[in-house]
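Only this structure's heavy atoms are used, side chains among them; waters, hydrogens and symmetry mates stay out. In the text below, chain A, chain B and the rest are named by the order of the sequence lines, each starting its count at 1.
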There are 4 protein chains.
Amino acid sequence: MSLNKVMLIGRLGADPELKYSQSGTPVARMRIATSETYTDREGNRQESTEWHTVVVFQRQAENCANYLSKGSMVYVEGSLQTRQWQDQQGQNRYTTEIKGQRVQFLDRKGDGPGAPAQGGGERRSFQQPQQSQQRGGRQAPPADDGFDDLGPAFPSEVSGMDDVPF
Amino acid sequence: MSLNKVMLIGRLGADPELKYSQSGTPVARMRIATSETYTDREGNRQESTEWHTVVVFQRQAENCANYLSKGSMVYVEGSLQTRQWQDQQGQNRYTTEIKGQRVQFLDRKGDGPGAPAQGGGERRSFQQPQQSQQRGGRQAPPADDGFDDLGPAFPSEVSGMDDVPF
Amino acid sequence: MSLNKVMLIGRLGADPELKYSQSGTPVARMRIATSETYTDREGNRQESTEWHTVVVFQRQAENCANYLSKGSMVYVEGSLQTRQWQDQQGQNRYTTEIKGQRVQFLDRKGDGPGAPAQGGGERRSFQQPQQSQQRGGRQAPPADDGFDDLGPAFPSEVSGMDDVPF
Amino acid sequence: MSLNKVMLIGRLGADPELKYSQSGTPVARMRIATSETYTDREGNRQESTEWHTVVVFQRQAENCANYLSKGSMVYVEGSLQTRQWQDQQGQNRYTTEIKGQRVQFLDRKGDGPGAPAQGGGERRSFQQPQQSQQRGGRQAPPADDGFDDLGPAFPSEVSGMDDVPF
DNA sequence: TTTT
DNA sequence: TTTT
């Protein structure tokens with residue numbers, strides 16, 4: 001019986017990096033900042049920023065790479081994982097990352113595929129890099145793409161309460 | 001920007017009820033108890049129990065009906081939803097339920113399909129009620145059936161950190 | 001072993017109501033909306049809103065009454081509690097509420113006591129109702145008043161990592 | 001607007017280490033294991049363990065040192081923090097820890113100060129090391145000591161719903 | 001380095 | 001009854 005849960009709301013410090021594992025799995029890595037404000041002894045507002053590394057896989061990795069960029073605000077739910085690796089001196093080093101199970105995109109809510117583009121949220125074209133600046137190739141996002149608010153992970157219509165037979 | 005999140009760990013007060021919505025969607029309803037212990041002013045341990053109604057849908061509803069029973073311990077992640085309905089006097093009444101997005105089964109961990117049955121955890125036969133007492137019809141649970149610990153919602157192998165290409 | 005946890009981010013539908021229990025405990029009640037957006041089958045953005053009742057106690061109740069108002073955005077952490085009561089017909093009715101253990105104020109962060117007032121965030125004067133429209137009586141909020149981001153519940157300086165002796 | 005939240009349930013891999021910062025603040029460090037079980041492709045149960053470092057401060061640090069030991073099960077709520085430090089080669093290294101805001105003790109619930117000792121849960125005597133094996137010096141734990149279930153962080157009686165004036 |  |  002154990003629980004390993006992380007929940008973050010923050011902004012990307014850079015565009016997501018998308019790579020592929022040796023077995024071909026899409027993997028995206030994102031740096032996300034969370035900020036805590038507090039009042040110090042002199043009564044001044046202070047802010048301290050914490051940086052997190054989030055790794056996501058599969059279709060979600062591709063969605064993140066396609067729709068998120070530096071400055072995007074996201075909600076991330078995942079678990080903590082510490083990886084061991086070796087530095088150039090052959091010493092064991094450890095890196096703690098958040099394995100993201102769910103990433104929700106918090107910018108530009110209400111802006112679906114038919115909405116006018118306004119400087120953000122359009123599909124970034126990782127897979128067609130030659131179009132990356134031309135902004136003409138926007139596509140409708142897939143059904144469960146992260147453009148959702150922080151309610152359930154799945155669309156309401158799939159599991160609506162309207163028709164609960166109890 | 002909003003968040004609507006509930007996390008519970010508790011035990012079922014009764015077997016799950018499985019019904020089907022008019023559109024044929026499987027829906028399971030479970031009553032789950034959480035208990036809080038605290039020390040009163042006299043220094044005595046006190047316990048207060050809270051009862052929650054959890055509703056799950058689709059395949060997860062069937063898994064709950066098949067594998068959970070009165071007394072089972074579960075982890076539930078979901079969202080709050082309040083339904084309006086009318087009582088016999090035609091008055092509006094409200095019922096708050098937890099729409100479960102994830103239910104993890106916390107009993108009998110380590111007991112996979114090949115493990116010996118020991119008084120719990122076997123498949124209950126909602127869909128073959130005539131076998132419901134004979135216990136002979138056990139089946140291997142499906143791949144993502146809730147018999148998992150409280151880590152990520154998805155199997156590690158699907159998104160292992162071993163092969164992160166960064 | 002049980003867990004009963006609710007986390008909400010949403011906006012108040014009305015000003016908080018502050019009352020006092022028979023034993024004199026300050027109790028604030030707030031209605032909070034969370035909204036979920038999703039894409040329906042026709043590909044249109046839909047929004048569904050859920051309303052929650054949050055009850056907080058003691059100093060936090062007073063802080064909420066003093067600093068929050070209709071439209072304020074808050075983060076609430078608490079637990080689910082269902083109260084039984086009797087309607088006029090003497091029938092048992094049940095109301096589920098969130099007992100708030102922590103309420104963070106998400107509007108106007110960075111606006112401490114020395115910051116200029118700009119249409120929100122000033123202290124509402126529940127305890128001096130005759131001044132409630134004149135807005136001149138602003139006070140410095142107390143040290144742990146909810147004007148904090150969604151990090152730890154307690155100020156960093158109390159438990160900073162800078163000086164961890166390991 | 002940001003959120004930085006970690007929730008763990010797991011067991012201590014060793015007794016807590018209690019130290020004092022230069023300013024005299026008690027600081028406890030604990031290693032906590034969470035285990036995830038999953039079914040591999042061959043249908044076998046697999047378990048993978050993740051180790052976390054939790055740091056707590058002040059009175060909670062002392063409570064952890066006094067009441068927890070190797071093997072104790074705890075619920076931890078906190079936030080992620082990455083500290084920078086320098087190794088012997090003068091290189092920057094980073095360590096990610098969980099700053100615990102709340103630690104609940106999950107073993108032996110219902111065993112208050114008047115309950116018979118049975119091999120666990122008694123006060124460990126960090127501050128009176130000469131008594132550390134004799135087990136005679138048990139003390140009543142303080143009011144909010146972590147011997148509580150996973151409900152609200154504060155005792156029910158302080159903020160009971162029985163007397164809500166709405 | 002925990003536990004079942 | 002909130003908000004974008």
Grab the CE-P distance between M30(C) and dT3(F) for me, whole Å please.
-> 16 Å

When the distance from CG of L8(D) to C1' of dT1(E) is rounded to whole Å, what number comes out?
-> 16 Å

Determine the stems involving DNA chain E; a stem requires 3 or more consecutive pairs of the Watson-Crick or G-U wobble kind, each with both distances below 3.5 Å, and the answer is none if no such run exists.
-> none

Ignoring the backbone of S35(C), work out which of dT2(F), dT1(E), dT3(E) is nearest its side chain.
-> dT2(F)

Rounded interatomic separation in angstrom, taking CD from E17(C) and P from dT1(F) = 15 Å

Hey, what do you get for CG (L68(D)) to CG (D15(D)), rounding to the nearest 0.5 Å?
-> 9.5 Å

F105(A) CZ to dT4(F) C1': how many Å, rounded?
-> 19 Å

Using atom CD of E47(C) as one end and atom P of dT4(F) as the other, report the distance to the nearest whole Å.
-> 11 Å

Take atom CZ of R11(C) and atom P of dT2(F), then tell me their distance rounded to the nearest Å.
-> 12 Å

Between the CZ atom in F166(D) and the CZ atom in R83(C), the distance rounded to the nearest 0.5 Å is 9.0 Å

Find the distance I32(C):CD1 to dT1(F):P and express it as a whole number of Å.
-> 17 Å

Say you draw a straight line from CG of L150(C) to CD1 of I9(A); how long is it, rounded to the nearest 0.5 Å?
-> 6.0 Å

Report yes if a donor N or O on one partner sits less than 3.5 Å from an acceptor N or O on the other, where the partners are the side chain of T49(C) and the base of dT2(F); otherwise report no.
-> yes

Measure across D40(D) and Q46(D) and return the closest heavy-atom pair with its distance rounded to 0.1 Å.
-> OD2-NE2, 2.8 Å

H52(C) has an atom NE2; how far is it from atom C1' of dT3(F), in whole Å?
-> 13 Å

